[in-house]
Number of protein chains: 2
Amino acid sequence: MVHQQFAALGDPTRLAIVERLARGPASAGDLAAPTTMSLPAVLKHVRVLEDAGLVTTAKRGRVRECRLRDDALVAVATWTAQQQALWSTRLDALGTLLEDM
Amino acid sequence: MVHQQFAALGDPTRLAIVERLARGPASAGDLAAPTTMSLPAVLKHVRVLEDAGLVTTAKRGRVRECRLRDDALVAVATWTAQQQALWSTRLDALGTLLEDM
DNA sequence: GCAACAGTAAACCGTATGGTTCACCAACAG
DNA sequence: CTGTTGGTGAACCATACGGTTTACTGTTGC
């Protein structure tokens, strides 16, 4: 279900969160700090990322720590590579076809 | 503006269109045929993909031909690779840190 | 124990999104 | 010329989405 991951990354706020988490884990508050948004809004976004399988969270005391999943982007990467391969081989085929003429 | 491309790919219908176009160009009607959707709906999706810079269309006679852009997925691919790199180097750093202890 | 703090749940709101139908136009085919 | 076909534009509709506020719960520090 890679479209769910794409959808999750389609929101600029969520994309920024992922970029932030790629630098290392952070609490929900940490994620909200640089934004103008309310905490509940940020946590909704985190939940979406979690549902998409991009992020895991765990509660330590009263703070919820968010971290990027190790395998977060492999589905996205493989899908992208696959489509690029298909498309480029088709272009190659066109190229050789033109050469043959 | 990679989040626009992610958003475009976030819809299952649009994802399917891209997968279809990776196999080769198609008319709007061709794209609508395998679906249960109306033609106008499909063309809206195509328009979104076009706005995201993933697809180009051109009108030949009365049929609109849609094709995947050659550079369609490079932004997505590079962004993904970049984040993966960041995250994995951080994991490496953690690994060596643990070794040092 | 109490105050401050981090998060959560719920209700609510405006707008964007994904879809429809209908009317219309331009291009073929006969 | 005429009928059919492929696409387009507009109006419209329901629902999903991104955000808010408010009230509440569980931790932590003094």
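Every heavy atom of this structure was used, including side-chain atoms; hydrogens, water molecules and symmetry mates were not. Letters A, B, ... are given to chains in the order of the sequence lines, protein chains preceding strands, and every chain is numbered from 1.
Summarising the geometry, the separation between CG on L31(B) and P on dT8(D) is reported as 12 Å, rounded to the nearest angstrom. In this structure, D30(A) atom CG and dG7(C) atom P are separated by 8 Å, rounded to whole Å. Nucleotide dG19(C) holds its C1' atom 14 Å from the CG atom of L39(B), rounded to whole Å. Computed from coordinates, the E65(A) CD to dT27(D) C1' distance equals 16 Å when rounded to whole Å. If you take CG of D11(B) and P of dC17(D), they are 11 Å apart, rounded to a whole angstrom. In this entry the distance linking NZ of K44(A) with C1' of dA9(C) reads 10 Å, nearest Å. Computed from coordinates, the E50(A) CD to dG7(C) C1' distance equals 14 Å when rounded to whole Å. As a whole-Å value, the separation of D51(A) CG from dC17(D) P is 11 Å.
Which of dG7(D), dT21(D), dA6(C) sits closest to the side chain of V63(B) comes down to dG7(D). Here the nucleotide nearest the side chain of M37(B), chosen from dG19(C), dG9(D), dG7(C), is dG19(C). Comparing atom distances between the R64(A) side chain and each of dG6(D), dA11(D), dG7(C) picks out dG7(C) as nearest. Side chain of P40(A), nearest nucleotide from dG7(C), dC22(C), dT8(C): dT8(C). Considering only side-chain atoms of T13(B), the nucleotide from dA6(C), dG19(C), dT4(D) that sits closest is dG19(C).
Base contact: A41(B) has a heavy atom under 4.0 Å from a base atom. In this structure, R60(A) reaches neither bases nor backbone, as no heavy-atom distance under 4.0 Å exists between it and the strands shown.
Atom CG of L73(B) sits about 5.5 Å away from atom CH2 of W79(A), to the nearest 0.5 Å. In this structure, the separation between CD on Q84(A) and CG on D70(B) is 11.0 Å, given to the nearest 0.5 Å. Between the CD atom in Q5(B) and the CG atom in L9(A) there is a gap of 12.0 Å [rounded to 0.5 Å]. Taken from OG1 in T35(B) to NE2 in H45(B), the straight-line distance is 8.5 Å, to the nearest 0.5 Å.
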**OP:** In sequence, state the C-alpha distance, the side-chain angles, and the governing distance for L43(A) and R64(A), and then conclude on side chain to side chain contact (heavy atoms under 4.5 Å, CB included).
**Re:** CA-CA 10 Å; L43(A) 268 125; R64(A) 176 165 298 272; 4.2 Å; yes

**OP:** Dump the intermediate steps for side chain to side chain contact (heavy atoms under 4.5 Å, CB included) on E50(B) and R47(B), then the final yes or no.
**Re:** CA-CA 5 Å; E50(B) 215 175 346; R47(B) 187 72 177 280; 4.1 Å; yes

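For the OP1/OP2 pair of dC17(D) and a distance below 4.0 Å, the side-chain nitrogens and oxygens of H45(A) include no atom meeting the criterion. Put simply, S38(A) has a side-chain N or O that comes within less than 4.0 Å of OP1 or OP2 on dT20(D). A close approach under 4.0 Å does not occur between any side-chain nitrogen or oxygen of R47(B) and OP1 or OP2 of dT8(D).
Residue R62(B) places a side-chain atom within donor-acceptor reach of the base of dA27(C), judged by atom type and a 3.5 Å distance cut-off alone. Interface remark: the K59(B) side chain does not form any donor-acceptor pair with the dG7(D) base, using a distance-only criterion of under 3.5 Å.
Judged by closest nucleotide on DNA chain D, S27(B) is the one of A7(A) and S27(B) placed further toward the 5' end.
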